[in-house]
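Below is one structure; the comments refer to it alone.
All residue numbers in this chain count up from 1 along the given sequence. It should be emphasised that the depicted structure is a prediction, and the values quoted were computed from it without experimental measurement.
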Amino acid sequence: MPKGKGPQGKRISLKVAKNSVRVLFNGRRRLELSKMGIAVFPKCLLELADVEEIDLSRNMLRKIPNIIEKFQNLIWLDLHSNQIDELPPEIGTLQNLTFLNLCNNKLTTKGLPEELTRLKSLRTLNLGLNCLETIPTTLGTLRELIELGLFDNSLTIIPKSVKRLPKIERMNVKRNPLPEFAKEEEPIDTVKRIESLYLVEKKDLCKICLQTCQGERDELHRLEEITPEASEKPNFSSLITPNSTAIDNQEEWRIK
């Protein structure tokens with residue numbers, strides 16, 4: 001088995017990590033380790049704990065260790081498309097974090113620590129494509145949130161505290177078994193139904209009712225008499241190519 005690979009995934013050396021740091025146009029330093037086959041958070045990254053952004057997306061990470069608290073300068077953290085099933089309480093110490101992407105993991109409701117609500121600067125939180133059955137009402141304390149992704153989970157309710165976040169602009173809750181999406185629209189009945197029908201003999205009708213019934217019957221007969229017959233087929237004699245009237249002589253023009 002090649003050195004550096006095995007059940008634990010690819011190992012990242014400090015040299016590789018340093019070479020993966022990019023300086024962005026805004027001056028921030030981003031550690032780009034996406035699609036590297038990483039299964040365990042590399043401890044060597046502690047030597048780069050002063051970076052402002054980390055991209056560990058599209059790897060095989062199952063856990064985020066508590067040493068994440070050492071990255072106090074983090075503003076942007078992308079962990080989407082891993083196999084993370086829980087977050088450490090220490091995630092709440094990243095007070096400068098404004099962007100956190102946890103989409104497409106295996107997070108359950110139990111895997112969301114209460115300390116997540118300490119991220120008071122958070123503006124974007126993506127929890128879509130996970131295994132969440134409920135959302136903690138305490139997420140409503142993240143009052144700086146502008147974007148919240150909750151799509152493709154198993155949510156049956158969105159807490160009012162989350163719906164009423166003061167700065168929220170985009171909340172994606174698509175493809176959840178929420179009641180408002182589960183209700184099927186009742187088919188529109190275009191036929192006016194008769195709830196009650198009473199049959200009586202003509203002799204039992206009063207004079208006014210009898211006149212009304214006769215009037216409606218006469219009107220129905222009158223409409224039947226004036227119903228136009230099927231109109232003749234239009235003839236476009238000036239057309240060179242076959243048209244709808246050619247059905248009677250189509251064999252002739254096909255031969256030509």
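To the nearest 0.5 Å, atom CG of residue Leu139 and atom CG of residue Leu148 are 7.0 Å apart. Here the straight-line distance linking atom CD of Glu47 with atom CG of Asp50 works out to 10.0 Å at 0.5 Å rounding. In this structure, CZ in Arg175 is found 7.5 Å from CZ in Phe151, a value given to the nearest 0.5 Å.
The only member of Arg29, Arg22, Arg30 that meets salt bridge (Lys or Arg N to Asp or Glu O under 4.0 Å) when paired with Glu52 is Arg29. Partner Glu86 forms a salt bridge (Lys or Arg N to Asp or Glu O under 4.0 Å) with one of Lys63, Lys110, Lys106, Arg62 and no other, that one being Lys63.
At a threshold of 4.5 Å between non-hydrogen side-chain atoms, the residues Leu33 and Asp55 do not count as touching. Side-chain contact between Glu53 and Asp78: absent, with no pair of heavy atoms (C-beta onward) separated by less than 4.5 Å. Here the side chains of Gln95 and Arg118 are in contact, with some heavy-atom distance below 4.5 Å.
Atom CZ of Arg164 has 12 or fewer heavy atoms from other residues, nucleotides or ligands within 6.0 Å. The environment of CD in Glu133 is sparse: at most 12 heavy-atom neighbours from other residues, nucleotides or ligands sit within 6.0 Å. No more than 12 heavy-atom neighbours from other residues, nucleotides or ligands sit within 6.0 angstrom of NZ on Lys43.
Ion pairing between Lys167 and Glu144 holds under the 4.0 Å rule for side-chain N and carboxylate O.
Not a single donor-acceptor pair under 3.5 Å links the side chain of Thr137 to the backbone N or O of Pro159.
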* Go through the steps to decide whether Ser121 and Thr98 satisfy the test side-chain hydrogen bond (donor to acceptor under 3.5 Å, both in side chains), and finish with yes or no. => CA-CA 5 Å; Ser121 299; Thr98 63; over 6 Å; no

* Asked: Does the side-chain contact (heavy atoms from CB on, under 4.5 Å) test come out yes or no for Leu155 and Leu132, once each step is laid out?
  -> CA-CA 6 Å; Leu155 303 175; Leu132 302 174; 4.1 Å; yes

